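Written out below as C-alpha cells is the structure these notes cover.
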Amino acid sequence: MRKFTSAKADRFTESVIRDMTRQANRYGAVNLAQGFPDFPAPEAMKRAACEAINRDVNQYAVTWGAKSLRDAIAVRSAAYNRIPCDPETMITVTCGVTEAMCVAMLGCVDPGEEVIIFEPFYENYGPDGILAGANPRFVRLRPPHFDFDPAELRAAFTKRTKAIVVNTPNNPTGKVFTRKELELIAQLCIEHDCLAFTDEIYEYILYDGAEHISLATLPGMAERTVTMSGLSKTWSATGWRIGWMIASPQITSALRKVHDFLTVGAPAPLQEAAAVALQFGPEYFRELARGYQARRDLLIEVLRDTPFRTVVPAGAYYAMSDISAFRASDDVSFAMQLVQSPGVAVVPGSSFFAQPSDGRELVRFCFSKRDETLREAARRLSLLRAP
Ligand SMILES: Cc1ncc(COP(=O)(O)O)c(C=O)c1O
C-alpha cells in the first residue's frame, strides 16, 4: 500500500511536553511539566471576552488582527519593548507564538536554507524548521549560566544561513540574554545579511532585576527582525491562542499571506479581550513578575533539599535540573518513574536537544502553579532519595 504520510511528518514526533500532561492526568500526578498556569486569568480580561461574545463578535476578525488589538500591541511594544511600529503595516495577530514562529519560517525561509537555534531549545522550533524545509544548526547554551561560545555562534553562520531564533527569556533554561550577547547576535545577523526570529513570550517574567531587551531595538536590526509575543504567559491564558508578530512592512506582507492561508485569523472575541488586557497598568506587570519570583524561590528552595541540582532561572517560569545523582538509565525513564511515584510530572531533558542523549541527565520543572500545587509537589519530591 502507498505511504499516506509525508516525509516531513515522519521527521518529528508528537510533543513530549504535551504527552507529559497526559501522563500526569493518567497517574494523578502534580503537573510541573507543561508550561501553563493553574490559576485564573485576569478578571477584567475574562469580562471583556464575555462582553465581546455578548456583543456578537463572532465572525472572522480582520485576517491580520482586530484593529483594537493591533493598536494596543503598537502602544505596548513602543512603551515596553521600545519598538515603534505601524499597526496597519507591521503587526500580524496569530494563533499564539506557536503559529507565529511557523509563519515566520514558512514566510521567510526557503527549503535548504539554514536556521540557527540555541540548544537546549523549545521543542516547537525543530518541527517548524522541518515544515519550512529548513536545515537547523544548533549552538549550545552551557550551564551554569547557559552562556554560548561566541566562536561557536560565529562558526554556525554560513552562506546558507537565513535566520537565527532567539528566545529570551528562555525556555527551558531560564536564561535572559544580555545586551552584550544580543549585540554579537545582531552583528552576525548584519554581517551575514540574516533575519532574527525572536520569541519573547516570557518578556515580563524576569527575576532579580534582569532586563528584557528586544533584539529589534539594536542598531540595524529593526528591518531584519520578526518580534513575537502573545497573551499565553503574561496574561495566563494559554488556551486562548492569541499571539502576534511585529516586522517591517515588507516582511509583514509575506507573513500575513502565510498566516491568512494557515488559519485566517485568531479568535475574534478573544482578540477584543486581549486589546483590553494589553492596556493594563504597570502594577499588573509588576505583580506578575513578583508572583513568579515567589514561586521560583519556593521551587528552588524545595529542590535544594533533594538530589536534583538546579540552575536558578533569571526569567521565564522553568528550572532545569541535573538528575545524575539519581543514577537513572536516562531522563525519559526517570520522568516516567517520577510521574507514577511519587507522582510529579516533569519534562525529560532530551526533548530540548537535537540529539536526545545530550539531555539524558536533565529534566525541566515548570513553576507557573499555585502555591498549594507547588507545596504538594514539594511534599512528594521530599520522599525521593538518591540511591
Ligand atoms: C518559548 C515558547 N514559545 C512559545 C510558546 C507557545 O506560545 P503560544 O501559547 O503563544 O503559542 C511556549 C509555550 O510554552 C514557549 O515556551
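Position 1 is the first residue of the sequence; numbering continues from there. All of these numbers come straight from a predicted model, not from anything done at the bench. Indexing begins at 1, ligand by ligand and atom by atom, following the structure's order.
- Scanning the protein for heavy atoms near atom 14 (O) of ligand 1, the closest one is Lys233 NZ, 2.7 Å.
- In this structure, Tyr125 counts as a contact residue of ligand 1, since one of its heavy atoms falls inside 4.0 Å of the ligand.
- Remark: Arg76 does not engage Asp71 in a salt bridge, criterion side-chain N to carboxylate O under 4.0 Å.
- At least one heavy atom of Tyr202 sits less than 4.0 Å from an atom of ligand 1.
- Relative to the six-membered ring of Phe261, Lys257 misses at least one condition, a distance below 6.0 Å or an angle of at most 45° to the axis.
- In terms of protein heavy-atom proximity, atom 7 (O) of ligand 1 is closest to Ile201 CD1, 3.6 Å.
- Contact between Arg241 and ligand 1 is present, with at least one heavy atom of the residue lying under 4.0 Å from the ligand.
- Electrostatic pairing of Arg241 and Glu99 does not count as a salt bridge here, judged by no charged N lying under 4.0 Å from a carboxylate O.
- With hydrogens left out, the protein atom closest to atom 9 (O) of ligand 1 is Ser232 OG, 2.6 Å, a heavy atom.
- Close to ligand 1: Gly96, with a non-hydrogen atom less than 4.0 angstrom away.
- Ion pair Glu51/Arg55 not flagged as a salt bridge, since none of the NZ, NE, NH1 or NH2 atoms sits closer than 4.0 Å to an Asp/Glu carboxylate oxygen.
- In this structure, atom 2 (C) of ligand 1 lies nearest to the protein heavy atom Asp199 OD2, 3.3 Å.
- Against a heavy-atom cut-off of under 4.0 Å, Asn167 is close to the following atoms of ligand 1: 1 (C).
- We find that Glu119 and Arg140 are joined by a salt bridge, their nearest charged nitrogen and carboxylate oxygen being less than 4.0 Å apart.
- A salt bridge does not link Arg137 with Glu152: every distance from a Lys NZ or Arg NE/NH1/NH2 to an Asp or Glu carboxylate oxygen is 4.0 Å or more.
- The proximity of Trp244 to ligand 1, defined as any non-hydrogen pair under 4.0 Å, does not occur for either the backbone or the side chain.
- For atom 10 (O) of ligand 1, the nearest non-hydrogen atom of the protein is Val97 N, 2.7 Å.
- Separating the CG atom in Leu381 from the CG atom in Leu338 is a distance of 6.0 Å, to the nearest 0.5 Å.
- The nearest heavy-atom contact from the protein to atom 6 (C) of ligand 1 is Thr98 OG1, 3.5 Å.
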